[in-house]
Structures are given as structure tokens and as C-alpha cells.
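To find a chain, count down the sequence lines: A is the first, B the second, and so on, and within it residues start at 1.
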Amino acid sequence: MSKGLPKRSEDYSLWYNELVKKADLAENSAVRGCMVIKPYGYSIWEKMQAELDRMFKETGHLNAYFPLFIPKSFLSKEASHVEGFAKECAVVTHYRLKNAEDGSGVIVDPEAKLDEELIVRPTSETVIWSTYKNWVQSYRDLPLLVNQWANVVRWEMRTRLFLRTTEFLWQEGHTAHATKKEAEAETLQMMNVYAQFAEDFMALPVVRGRKTETERFAGADDTLCIEALMQDGKALQAGTSHFLGQNFAKAFDVKFASKEGGLEYVWGTSWGVSTRLMGALIMAHSDDNGLVLPPKLAPIQVVIIPIYRKEEEFDAITEKANEIMAELRKAGVSVKYDNRDTHKPGFKFAEHELKGVPLRIAIGPRDLENGTIEIARRDTLTKEQFELVSQPISGKISSMLEEIQATIYSKALNFRSEMTTEVNSWDEFKSVLEEKTGFLSAHWDGTAETEEKIKDLTKATIRCIPLDRKEEEGVCVYSGKPSKGRVLFAKAY
RNA sequence: CGGGGUGUAGCGUAGCCCGGUAUCGCGCCACAUUUGGGAUGUGGAGGUCGUAGGUUCGAAUCCUGCCACCCCGACCA
């Protein structure tokens with residue numbers, strides 16, 4: 001029962017916003033739509049980055065860095081790309097300020113107008129493909145496998161901490177290949193990397209799928225995605241991987257001399273995940289007591305809290321705590337000793353629960369006497385006495401951390417299974433969407449008109465066409481026209 | 001950007017209708033007693049009432065502009 005944290009059942013979005021702030025993850029800044037990611041929140045992001053970066057490198061990618069600014073003319077080179085992003089671009093028009101003549105402060109110097117405006121990147125395809133033109137001449141230069149960790153700006157109307165902010169942090173991979181087949185394989189590979197990261201590290205089950213044509217990335221021929229389900233029954237797109245065809249190669253004239261002696265356009269992909277994953281992580285597992293973090297991404301995996309009256313007791317406990325910490329650290333467990341004497345144990349318990357620390361060890365005089373410690377799990381809120389002599393503490397803690405990781409994953413997976421409903425009629429579609437929410441698995445006739453109509457009527461969108469769906473003859477849940485398989489509908493973030 | 005709402009100490013609030021210099025709780029500081037689930041007592045500090053104007057002898061209160069945030073739409077990773 002966290003003090004002051006609203007309950008999920010009463011107001012889910014208020015719960016989310018308060019949790020983000022109370023758990024010290026992020027807060028709104030003085031700049032509209034932009035957040036300050038606080039040290040604790042950033043620590044989690046750093047752990048995500050570290051794992052993803054490792055996975056990217058294992059699949060052959062290297063990091064590079066491209067400019068924050070994109071010349072306006074670049075953006076218009078790929079027609080559907082500019083159409084998709086034009087409405088949300090921040091534009092730099094001047095390069096100098098000067099003192100106002102009336103002494104009221106600084107103003108933009110009208111004489112310092114840029115000849116060509118610069119766009120603050122909403123994504124980097126254009127500036128990167130303009131660079132790739134110079135990097136690629138021959139098939140020997142391919143493939144280009146590059147990733148960038150960066151910030152981007154999209155001028156959104158409504159923002160929410162982590163889920164949608166004007167500026168956000170992300171990674172964007174941009175690759176160029178000699179063949180269509182290879183680029184398609186890359187697109188699929190990176191979607192699978194994201195899915196594996198979500199499932200193994202975030203403990204977040206995701207549906208691997210394909211976007212419909214209307215939901216596709218602006219400038220892509222095909223968009224693969226991972227979709228997750230949040231506790232309020234709404235879907236969240238957690239990552240996308242795009243097959244760009246030759247669209248950007250043609251827009252930026254990136255050609256290569258093939259082995260056969262021809263001159264061909266290269267094939268491209270791009271793929272990204274953002275700080276939005278933080279939102280997914282928070283919403284997927286947390287409860288009314290606060291954050292629940294998967295051990296693999298928790299900045300602190302174990303916190304040790306001393307319980308004492310007298311100085312001598314504290315000293316004895318500290319000695320024991322130091323032994324335990326040394327052993328845990330040797331085993332690669334991150335552990336913090338909360339030896340603040342400014343707060344009582346109960347306060348510390350609540351605080352570390354709020355912040356989602358997976359395991360808590362309490363040591364008091366009673367434990368010293370009995371040779372025990374108390375271990376409490378954040379995910380289940382259960383406690384147990386552990387005898388220090390019976391087995392090595394590091395083995396016990398490591399296996400508990402693994403168990404927590406597995407438990408919260410299967411809990412989320414069960415939730416998603418329960419919240420995925422096969423619907424076969426339009427009435428059923430509407431009532432499930434309104435009363436139960438979650439994913440609706442339904443037949444769709446494959447047309448953009450029907451997709452649009454359903455969105456207008458219900459606010460539900462096609463989240464994806466699952467890659468593992470079975471071929472199944474059926475009729476569209478809305479139009480009654482023939483369908484070859486089910487797609488996933490949901491209301492989404 | 002359209003509709004609705006809210007801005008008062010670090011946080012949450014009362015006061016606003018009916019104008020007279022701001023209430024309470026949490027938190028903060030000091031001391032004492034406390035410490036196995038958010039301690040208690042005593043004393044204390046902290047406020048340009050979002051912001052800029054206007055009306056008035058006098059504005060948190062009335063009027064206007066602006067800004068920010070929240071909810072609902074449109075947009076979206």
C-alpha cells in the first residue's frame with residue numbers, strides 16, 4: 001500500500017504518471033513536451049542500451065554518429081517519407097541572437113537567417129542515405145551495417161512521459177545491401193533481435209508481426225514490428241524494423257557496381273527502439289505498490305536493509321552485510337547496502353518497493369543470533385527466512401533472481417493470453433473491445449477501407465498481422481468479405 | 001490544433017462565487033525518545049498565490065492576454 005500512489009483499477013493513466021515521478025524515473029521539464037530522465041530512470045535505460053548494443057554488435061553492426069540537423073531539401077527527396085514526418089518537424093531558421101533595442105532581452109537576429117532551413121532530425125534516413133551515396137561504389141562496399149544512438153525530435157500534440165515525448169532517445173539502425181533478399185533477411189533478423197530483447201530482458205512477451213500498408217513507416221515497403229499488451233488492455237508498439245526497398249537508394253542515388261558488371265540501386269533497412277521501451281517496462285509489470293523491474297534490467301538487484309537499535313548491533317550487521325555483498329558481487333549481482341540512519345526500516349522497505357528492487361534482504365539482531373537473513377521478493381511480495389549456513393548466499397540469490405525474471409514473464413504472458421480474444425462477428429468485436437479490451441484476433445478482408453472504417457467506429461487499429469498466424473479461410477469481421485487469416489486489433493498507445 | 005479542466009511553499013490542498021495581504025496535511029530543519037512494514041513529541045524555517053497587463057484606496061479573489069500541465073478528439077515510436 002504505497003503512500004500516495006493511485007490504484008491502477010481507479011485511474012490507470014494517473015497511476016502511470018505518478019509512478020514514473022514517484023519512482024524517480026523521469027519528470028516533466030521546463031520545455032514543453034520534453035522530459036528530464038532522472039538518474040534512476042536513466043540507469044535502467046543504460047542497462048537496456050548495453051544489452052541491445054551487445055546484440056547489435058553480435059549481429060555485425062557498428063555504431064556511428066550522424067548530424068542532429070537535416071537540410072530541408074533532403075527531407076523532400078523521398079516523397080512518402082516527407083509526407084509522413086512534415087507535420088511534426090522542428091525547424092531551425094536562424095543562427096544568431098542579439099540584444100533587443102528596448103532592453104527586454106535577446107531576440108532572434110533577423111539578419112542571421114539561414115539560406116536553407118535545417119530540420120531537427122525526426123529520424124535519420126535522409127541524412128544517412130545522402131552519406132551512403134559516397135560510401136558505396138561497388139558490391140565490395142556492401143553490406144553497410146550501421147547503428148546510431150541518438151536523440152530525435154517529433155513535434156507531437158500530446159505527450160506522456162516515456163510513451164510520447166517531443167524529444168526522445170533511441171537507436172536507429174540503417175543498413176544497405178546488394179540484394180533484396182539480404183535486406184529482407186536483415187529486416188527480419190532485427191525484428192527478432194528486438195523480440196528476443198523484449199522477452200529475455202524486459203520479461204515482456206511480444207507478438208512478432210507485420211504492419212498493414214496504412215500503418216507502415218513512411219518510406220518503407222514493409223514494416224515488421226513487435227507489439228506488446230499493457231495491463232490496461234491497450235497495445236504498445238515496442239519496436240519496428242523496416243524494409244526500405246530501393247526507395248532511399250533511388251531518392252539519394254545510391255548505386256553500386258555489381259559482380260556481374262551492372263549498376264544497381266542498393267536495398268535498405270532501418271530499425272529502431274526508443275525510450276518508449278521504458279514505458280512498456282513500467283506498464284507491463286508494475287503494481288499498486290510501485291515499480292516491478294525484471295532483475296536483468298534492475299539497476300540494483302538486491303538491497304540490504306539493517307535493522308538495529310544500538311550502535312553495536314549496527315556494526316555487527318554491517319559486518320555481516322559486507323560479507324554477503326562481497327559474495328554477491330563476486331557472483332555478478334548488483335547489491336546496495338542501505339545503511340542510512342536517517343530512515344527507519346519500514347520506510348526503506350516501502351521506498352525500495354516503489355522503485356522496484358527485485359530482492360530485499362533484511363538483517364536484524366534476531367538474524368545474527370539465528371544465523372539467518374530475511375529475503376523478500378518484490379514481484380510476489382513474499383518473504384522467507386534463509387539460513388546462511390545451509391547453502392551459499394550467492395547461489396540462493398542468483399536462482400531467486402532468475403525465478404523472478406521467469407515469473408514476471410509468465411505472468412505477463414498469461415495476462416496476454418487471457419486478453420487475446422478470437423472474435424467472429426461485428427457485435428462480438430465491439431463488445432469485447434469495449435468490455436474486455438486487449439487484443440482481438442479477427443478476420444479482415446485486407447482492404448485499407450475496412451481498416452479505416454473500423455478505426456473510425458471503434459478507435460481500434462490493426463496492430464499487426466502476426467507472422468506465425470495460420471492460414472485460415474474466413475470472412476471479414478466487419479465487411480463479411482473473404483479473408484485468409486486473422487489479424488490483431490487493439491486500442492493502442 | 002478543437003472541446004473541457006487545473007495552476008496557491010518541494011508535494012497535495014483550503015480560500016476565489018461575495019476583494020482587505022494565505023489554511024491544513026505531508027515533506028524539510030533542530031533536539032529528544034525511537035528503529036523486524038512508511039515513528040512520536042516539542043520547537044522552527046519556507047509563499048513574486050503560473051505569468052504579463054488591467055480595474056480598484058486595496059487583487060490569490062474581478063477582467064484580458066500569454067504560458068504550462070491534465071482529460072477527450074485529430075496525430076504518433
Any side-chain donor paired with an acceptor under 3.5 Å for A:Glu172 and A:Ser124?
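Yes - a donor-acceptor pair under 3.5 Å links their side chains.
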Do we see A:Phe168 stacking on the base of B:A77, given a limit of 5.5 Å between centres and 30° between planes?
yes
Tell me whether [X] is salt-bridged to [Y], with the criterion being a basic N under 4.0 Å from an acidic carboxylate O.
{"X": "A:Arg360", "Y": "A:Glu351", "answer": "no"}
{"X": "A:Glu117", "Y": "A:Lys72", "answer": "yes"}
{"X": "A:Glu323", "Y": "A:Lys320", "answer": "yes"}
{"X": "A:Glu384", "Y": "A:Lys396", "answer": "yes"}
{"X": "A:Lys296", "Y": "A:Asp200", "answer": "no"}
{"X": "A:Lys22", "Y": "A:Glu18", "answer": "yes"}

Round to a whole Å and report the spacing from [atom1] of [X] to [atom2] of [N].
{"X": "A:Arg360", "N": "B:G36", "atom1": "CZ", "atom2": "P", "value": "12 Å"}
{"X": "A:Leu163", "N": "B:C76", "atom1": "CG", "atom2": "P", "value": "16 Å"}
{"X": "A:Tyr194", "N": "B:A77", "atom1": "OH", "atom2": "P", "value": "14 Å"}
{"X": "A:Phe85", "N": "B:C75", "atom1": "CZ", "atom2": "P", "value": "15 Å"}
{"X": "A:Lys22", "N": "B:G27", "atom1": "NZ", "atom2": "P", "value": "13 Å"}
{"X": "A:Leu368", "N": "B:G36", "atom1": "CG", "atom2": "P", "value": "15 Å"}
{"X": "A:Lys87", "N": "B:C76", "atom1": "NZ", "atom2": "C1'", "value": "10 Å"}
{"X": "A:Met35", "N": "B:A68", "atom1": "CE", "atom2": "P", "value": "18 Å"}

Measuring only the [atom1] atom in each nucleotide, how far is [N] from [M]? A whole number of Å is fine.
{"N": "B:C26", "M": "B:G43", "atom1": "P", "value": "14 Å"}
{"N": "B:A52", "M": "B:A60", "atom1": "C1'", "value": "16 Å"}
{"N": "B:C31", "M": "B:G15", "atom1": "C1'", "value": "35 Å"}
{"N": "B:G47", "M": "B:U23", "atom1": "C1'", "value": "13 Å"}
{"N": "B:U51", "M": "B:U8", "atom1": "C1'", "value": "14 Å"}
{"N": "B:G27", "M": "B:G38", "atom1": "C1'", "value": "13 Å"}
{"N": "B:U42", "M": "B:A59", "atom1": "P", "value": "38 Å"}
{"N": "B:A45", "M": "B:G50", "atom1": "P", "value": "24 Å"}

Considering only heavy atoms and no angle criterion, is a donor-acceptor pair shorter than 3.5 Å present between the side chain of A:Glu351 and the base of B:G38?
no
Taking only the side-chain heavy atoms of [X] (C-beta and beyond), determine which of [options] contains the nearest atom.
{"X": "A:Ala362", "options": "B:C75, B:C71, B:G36", "value": "B:G36"}
{"X": "A:Asn28", "options": "B:A77, B:G37, B:C70", "value": "B:C70"}
{"X": "A:Thr165", "options": "B:C76, B:C70, B:A77", "value": "B:A77"}
{"X": "A:Arg366", "options": "B:G36, B:C76, B:G38", "value": "B:G36"}
{"X": "A:Arg154", "options": "B:A77, B:C75, B:G37", "value": "B:A77"}
{"X": "A:Lys344", "options": "B:G36, B:C76, B:C70", "value": "B:G36"}
{"X": "A:Pro365", "options": "B:U34, B:G38, B:G36", "value": "B:G36"}

OP1 or OP2 of B:C76 versus the side-chain N and O atoms of A:Arg164: is any pair under 4.0 Å?
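For A:Arg164, the contact criterion (side-chain N or O under 4.0 Å from OP1 or OP2 of B:C76) is not met.
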Looking at A:Ser13, I'd like to know whether one of its side-chain N or O atoms comes within less than 4.0 Å of OP1 or OP2 on B:C71.
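It does, given that an N or O in the side chain of A:Ser13 lies less than 4.0 Å from OP1 or OP2 of B:C71.
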Counting neighbours of CH2 on A:Trp170 that are heavy atoms of other residues, nucleotides or ligands and sit closer than 6.0 Å, is the number greater than 12?
yes
Map A:Asp456 and A:Tyr308 onto RNA chain B by nearest heavy atom, then report which one ends up closer to the 5' terminus.
A:Tyr308
Whichever of A:Tyr493 and A:Phe347 has its nearest RNA chain B nucleotide further upstream toward 5'
A:Phe347
Counting any heavy atom closer than 4.0 Å, what does [X] reach on the DNA or RNA strands: base, sugar-phosphate only, or nothing?
{"X": "A:Gln237", "value": "sugar-phosphate"}
{"X": "A:Asp367", "value": "base"}
{"X": "A:Gly84", "value": "nothing"}
{"X": "A:Lys459", "value": "sugar-phosphate"}

Where does the angle between the aromatic ring planes of A:Trp267 and A:Phe243 fall among parallel (under 30°), tilted (30 to 60°) and perpendicular (over 60°)?
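Parallel, since the angle between the ring planes stays under 30°.
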Quick check: A:Tyr132 with A:His174 (ring centres under 6.0 Å apart)?
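No, too far apart.
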Stems with RNA chain B, 3 or more Watson-Crick or G-U pairs in a row (under 3.5 Å), are B:1-7 with B:67-73, B:10-12 with B:24-26, B:28-33 with B:39-44, B:50-54 with B:62-66
